[in-house]
Number of protein chains: 2
Amino acid sequence: MTKPDDFDLQAFLPYLLNQAAEEASLGFQQIYKDRYGLLRSEWRVLFHLGIFGRLTATEIGAKGKVHKTKVSRAVQRLADRRLVKRARSEDDRRVEWLELTPVGEKVYRDLREVAQEYESSLQVKLSDDEMRVLKAMLLKLAGRL
Amino acid sequence: MTKPDDFDLQAFLPYLLNQAAEEASLGFQQIYKDRYGLLRSEWRVLFHLGIFGRLTATEIGAKGKVHKTKVSRAVQRLADRRLVKRARSEDDRRVEWLELTPVGEKVYRDLREVAQEYESSLQVKLSDDEMRVLKAMLLKLAGRL
DNA sequence: GCTTGTTAGTTACAAAAACAACTATTACCA
DNA sequence: TGGTAATAGTTGTTTTTGTAACTAACAAGC
């Protein structure tokens with residue numbers, strides 16, 4: 001009574017994207033987890049602060065499409081480990097300015113290095129041109145253009 | 001003391017892929033969740049059975065790169081809702097053959113329809129050619145070639 | 001046949017994510 | 001003003017996931 005079917009799951013974009021994303025994330029995840037015990041939400045916050053300097057939690061959430069509770073908890077853990085410094089804003093006391101501590105900077109720079117190497121290692125599977133095109137299309141899909 | 005930096009997070013492949021994958025999954029997720037209360041692992045199992053007919057849990061895990069505990073739990077919930085029928089194998093009594101019930105078939109066919117429509121809606125953002133190239137590259141990255 | 005190793009699948013527990021409700025502060029406006 | 005709504009961020013609770021240990025059945029070598 002079973003009717004096999006020719007729907008191509010591998011070609012279904014949400015499925016395929018997830019598989020590719022998982023595969024591509026795995027190696028890098030291993031590094032920030034093993035080396036610094038960071039979670040995904042934590043390295044994201046770390047990178048945002050490393051790149052943009054001083055931000056509020058809300059700004060990080062907006063830039064990275066991360067929910068505020070995730071940012072809040074990530075910041076909490078990063079602050080506990082003295083990777084991030086928090087300071088209440090004078091103007092608006094609901095707001096907290098976040099920035100990396102010197103140690104946080106070091107961790108960021110190390111991971112940025114790793115990220116760049118990792119990126120190169122992924123490029124092995126694709127030509128430069130392919131990579132450029134791929135990213136352009138992913139940006140479109142991500143609604144970031 | 002904060003040093004802004006020009007590392008391009010949007011262009012970091014694992015990050016970008018995740019964003020695109022999340023964005024691309026969202027709409028479809030909404031449907032199988034709202035309409036049938038399914039989880040991601042559940043629709044995946046459902047689709048595998050819909051496409052391939054009769055499979056064991058291990059086979060589904062291998063085809064979809066899903067861990068056996070996830071498959072196990074997905075199957076359990078699908079069986080509870082009578083979408084999947086389980087039958088101990090005669091040859092090897094560790095093995096359980098899984099297939100869709102008639103109701104499961106209906107749900108599968110409905111969601112397959114939705115998936116196809118959804119896929120088309122994503123194509124609006126990209127040309128046919130772009131889509132073809134994109135998928136080819138994602139397959140490479142996913143290590144499926 | 002016994003012992004050892006493997007495989008299919010489940011279960012238990014810990015880690016992480018999702019969602020909703022909450023506090024504190026500021027903005028709006030009649 | 002004073003009252004209502006909006007915003008920043010946190011906390012609590014429930015779902016899901018991840019990991020490891022487990023049971024049951026089979027396989028292989030001696």
Side-chain angles (χ1 to χ4, degrees), chain A residues 18-19 21-23 25-30 32-34 36-46 48-49 54-81 84-99, chain B residues 18-19 21-23 25-26 29-30 32-34 36-46 48-49 54-81 84-99:
Chain A
N18 266 309
Q19 300 250 309
E22 237 168 77
E23 183 68 27
S25 299
L26 213 69
F28 186 58
Q29 177 174 16
Q30 219 47 52
Y32 62 68
K33 192 176 165 190
D34 288 356
Y36 298 110
L38 295 177
L39 304 177
R40 199 156 54 119
S41 54
E42 287 162 15
W43 84 254
R44 285 197 181 184
V45 166
L46 192 85
H48 275 98
L49 292 175
R54 207 178 58 147
L55 295 172
T56 71
T58 302
E59 287 170 337
I60 295 174
K63 281 180 194 294
K65 292 194 177 172
V66 193
H67 195 267
K68 60 182 180 173
T69 63
K70 253 198 235 175
V71 176
S72 172
R73 284 178 163 127
V75 167
Q76 221 157 7
R77 291 194 41 173
L78 290 170
D80 286 350
R81 303 173 183 203
V84 163
K85 195 182 68 182
R86 359 171 53 159
R88 245 335 126 201
S89 159
E90 297 291 325
D91 308 346
D92 182 341
R93 287 193 337 217
R94 291 171 300 184
V95 171
E96 229 178 20
W97 287 107
L98 306 168
E99 53 186 325
Chain B
N18 266 309
Q19 300 251 307
E22 237 168 77
E23 184 67 28
S25 300
L26 213 69
Q29 177 174 16
Q30 219 47 51
Y32 62 68
K33 192 177 164 190
D34 288 358
Y36 298 109
L38 295 177
L39 303 178
R40 200 154 53 119
S41 55
E42 287 162 16
W43 84 255
R44 287 195 181 184
V45 166
L46 191 87
H48 274 99
L49 292 174
R54 207 177 59 147
L55 295 173
T56 69
T58 302
E59 286 170 338
I60 295 175
K63 282 181 193 294
K65 291 194 178 173
V66 193
H67 195 267
K68 59 183 182 175
T69 62
K70 252 199 234 176
V71 177
S72 172
R73 289 198 254 246
V75 168
Q76 220 158 7
R77 291 193 41 173
L78 290 170
D80 287 349
R81 301 173 183 205
V84 163
K85 195 181 68 183
R86 358 171 54 160
R88 257 313 138 210
S89 159
E90 297 291 327
D91 308 346
D92 182 341
R93 287 190 339 213
R94 290 169 302 181
V95 171
E96 230 178 17
W97 287 108
L98 306 169
E99 54 186 325

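Given the structure is predicted, the values throughout are model-derived calculations rather than measurements. So you know, we letter chains A, B, ... as the sequences are listed, proteins then strands, and number each from 1.
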Compare side-chain N and O positions of A/Ser72 against OP1 and OP2 of D/dT10 and report whether any pair is under 4.0 Å apart.
yes
B/Arg73 near the nucleic acid: base, sugar-phosphate alone, or nothing, with a heavy-atom cut-off under 4.0 Å?
base
Does the side chain of A/Lys70 get closer than 4.0 angstrom to OP1 or OP2 of D/dG9 through an N or O atom?
no
Please classify the nucleic acid contact of A/Thr69 as base, sugar-phosphate, or nothing, using heavy-atom distances under 4.0 Å.
base
Donor-acceptor pair, side chain of B/Gln29 and main chain of B/Glu22, under 3.5 angstrom
no
Under 3.5 Å, is there a donor-acceptor pair between the side chain of B/Arg88 and the main chain of B/Arg94?
yes
At what distance, to the nearest 0.5 angstrom, does CG of B/Leu49 lie from CD of B/Glu59?
10.0 Å
Residues of residues 88-97 of chain A with a heavy atom under 4.0 Å from any atom of DNA chain C, listed by number, are A/Asp91, A/Asp92, A/Arg93, A/Arg94
Over 60° means perpendicular and under 30° means parallel, so classify the ring planes of B/Tyr32 and B/Trp43, tilted if in between.
tilted
Residue pair A/Gln19 / B/Gly64: nearest heavy atoms and the distance that separates them:
NE2-O, 3.1 Å
Secondary structure of DNA chain D per the Watson-Crick/G-U criterion (both distances under 3.5 Å; [ ] crossing, | other strand, . unpaired) is ||||||||||||||||||||||||||||||
Grab the two heavy atoms, one from A/Ser41 and one from A/Ala74, that are nearest each other, plus how far apart they are.
O-CB, 3.9 Å
Under 4.0 Å between a side-chain N or O of A/Gln76 and OP1 or OP2 of D/dG9?
no
Contact nearer the 5' end of DNA chain C, comparing A/His67 with B/His67
B/His67
Looking at B/Lys70, B/Gln76, B/Arg77, which one forms a side chain to side chain donor-acceptor pair (under 3.5 Å) with B/Glu42?
B/Arg77
Can you identify which nucleotide, out of D/dT19, D/dG9, D/dT17, has its nearest atom closest to the A/Lys68 side chain?
D/dG9
Measure from the side-chain N and O atoms of B/Arg81 to the backbone N and O of B/Tyr36, and report whether any donor-acceptor pair falls under 3.5 Å.
yes
Note: for A/Leu98 and B/Lys33 on DNA chain D, the residue whose nearest nucleotide lies more 5' is A/Leu98
Might you point out which heavy atoms bring A/Leu55 and A/His48 nearest each other, and give the distance in Å?
CD1-O, 3.8 Å
Nearest non-hydrogen partners of B/Asn18 and A/Ser25, listed with the distance
ND2-OG, 3.0 Å
Output the rounded distance in Å from CZ (A/Arg77) to P (D/dT11).
15 Å
Would you grab the first and last nucleotide of DNA chain C (5' to 3') that comes under 4.0 Å of any non-hydrogen atom in chain A?
C/dA16 to C/dT26
Atom of B/Thr56, atom of B/Leu98 and distance for their closest heavy-atom approach:
C-CD1, 4.1 Å
